[in-house]
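In what follows, a single structure is set out as structure tokens and then discussed.
Treat the numbers as computed from the prediction; the structure is a model and nothing was measured. Computation of the quantities below employed the complete heavy-atom set of this structure, encompassing side-chain atoms and omitting hydrogens, waters and symmetry-equivalent molecules.
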Amino acid sequence: MTNKLGQVDLMSEIKEYICGTMLIGLSDQSIEPDESLVQRGVVDSTGVLELVEFLQDRYGISVRDDEITIQNLDTLNSITAFLQQKLAAS
């Protein structure tokens with residue numbers, strides 16, 4: 001079991017959020033950690049902003065406009081790594 005800042009816990013929470021708000025009714029198993037959420041059509045520009053708002057509210061981080069990029073927010077792995085970096089810096 002990982003601690004609160006562990007990758008598994010963070011990824012599970014992010015996946016749960018995405019499935020609960022953007023993939024309503026689909027299993028969280030339907031998203032692979034390295035699958036592009038944008039290419040799959042799970043997240044669009046509005047969805048990215050909602051995801052950023054969730055991350056800021058849930059984890060108490062601040063996301064700058066220049067950090068809202070495909071590199072940071074396109075896959076569960078990239079979102080989790082970005083979040084871990086933000087949490088470590090705060």
Side-chain angles (χ1 to χ4, degrees):
M1 181 174 227
T2 42
N3 63 30
K4 192 61 180 166
L5 296 179
Q7 183 170 350
V8 174
D9 289 343
L10 292 175
M11 187 179 295
S12 294
E13 288 185 0
I14 294 164
K15 189 188 260 190
E16 184 178 312
Y17 170 77
I18 291 170
C19 290
T21 60
M22 299 172 194
L23 287 176
I24 297 170
L26 295 180
S27 164
D28 64 357
Q29 300 302 318
S30 63
I31 301 174
E32 295 297 321
D34 286 319
E35 181 177 14
S36 170
L37 300 174
V38 173
Q39 286 182 353
R40 182 169 173 195
V42 173
V43 175
D44 58 12
S45 57
T46 302
V48 168
L49 295 177
E50 291 173 359
L51 177 60
V52 168
E53 185 176 328
F54 164 75
L55 295 174
Q56 291 181 131
D57 291 347
R58 172 69 178 93
Y59 300 102
I61 63 168
S62 179
V63 179
R64 298 185 319 264
D65 289 345
D66 67 335
E67 294 175 316
I68 302 174
T69 65
I70 279 287
Q71 292 81 10
N72 290 335
L73 302 168
D74 189 38
T75 68
L76 289 173
N77 277 336
S78 65
I79 297 165
T80 302
F82 173 67
L83 179 56
Q84 286 178 316
Q85 177 184 9
K86 295 297 285 185
L87 289 170
S90 59

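Distance CG/L55 to CD1/I61: 5.0 Å, rounded to 0.5 Å. Interatomic distance, CG of L10 versus NZ of K15, reported as 13.5 Å (0.5 Å rounding). For the atom pair OG1 of T21 and CZ of F54, the computed distance is 8.5 Å after rounding to the nearest 0.5 Å. Remark: F82 CZ to I68 CD1 distance equals 8.0 Å, nearest 0.5 Å. The OG atom of S78 sits 7.5 Å away from the CG atom of L37 when rounded to the nearest 0.5 Å. Between R58 atom CZ and Y17 atom OH the span is 13.0 Å, to the nearest 0.5 Å.
No donor-acceptor pair closer than 3.5 Å links the side chain of E67 to the backbone N or O of N72. For D74 (side chain) and V38 (main-chain N/O), a donor-acceptor pair under 3.5 Å exists by modelled atom type.
In this structure, D65 has no side-chain hydrogen bond (donor to acceptor under 3.5 Å, both in side chains) partners at least two apart in sequence or on a different chain. In this view, T46 and D44, E50 satisfy the side-chain contact (heavy atoms from CB on, under 4.5 Å) rule, not counting sequence neighbours. Scored by the side-chain hydrogen bond (donor to acceptor under 3.5 Å, both in side chains) test, D57 finds no partners at all (sequence neighbours excluded).
Annotation for E35: atom CD counts as buried by contact number, over 12 foreign heavy atoms lying within 6.0 Å. Other residues, nucleotides and ligands place no more than 12 heavy atoms under 6.0 Å from the CD atom of Q39.
Using a 4.5 Å heavy-atom cutoff, the side chains of I18 and L76 are in contact. Considering only heavy atoms from C-beta on, P33 stays 4.5 Å or farther from T75 through its side chain.
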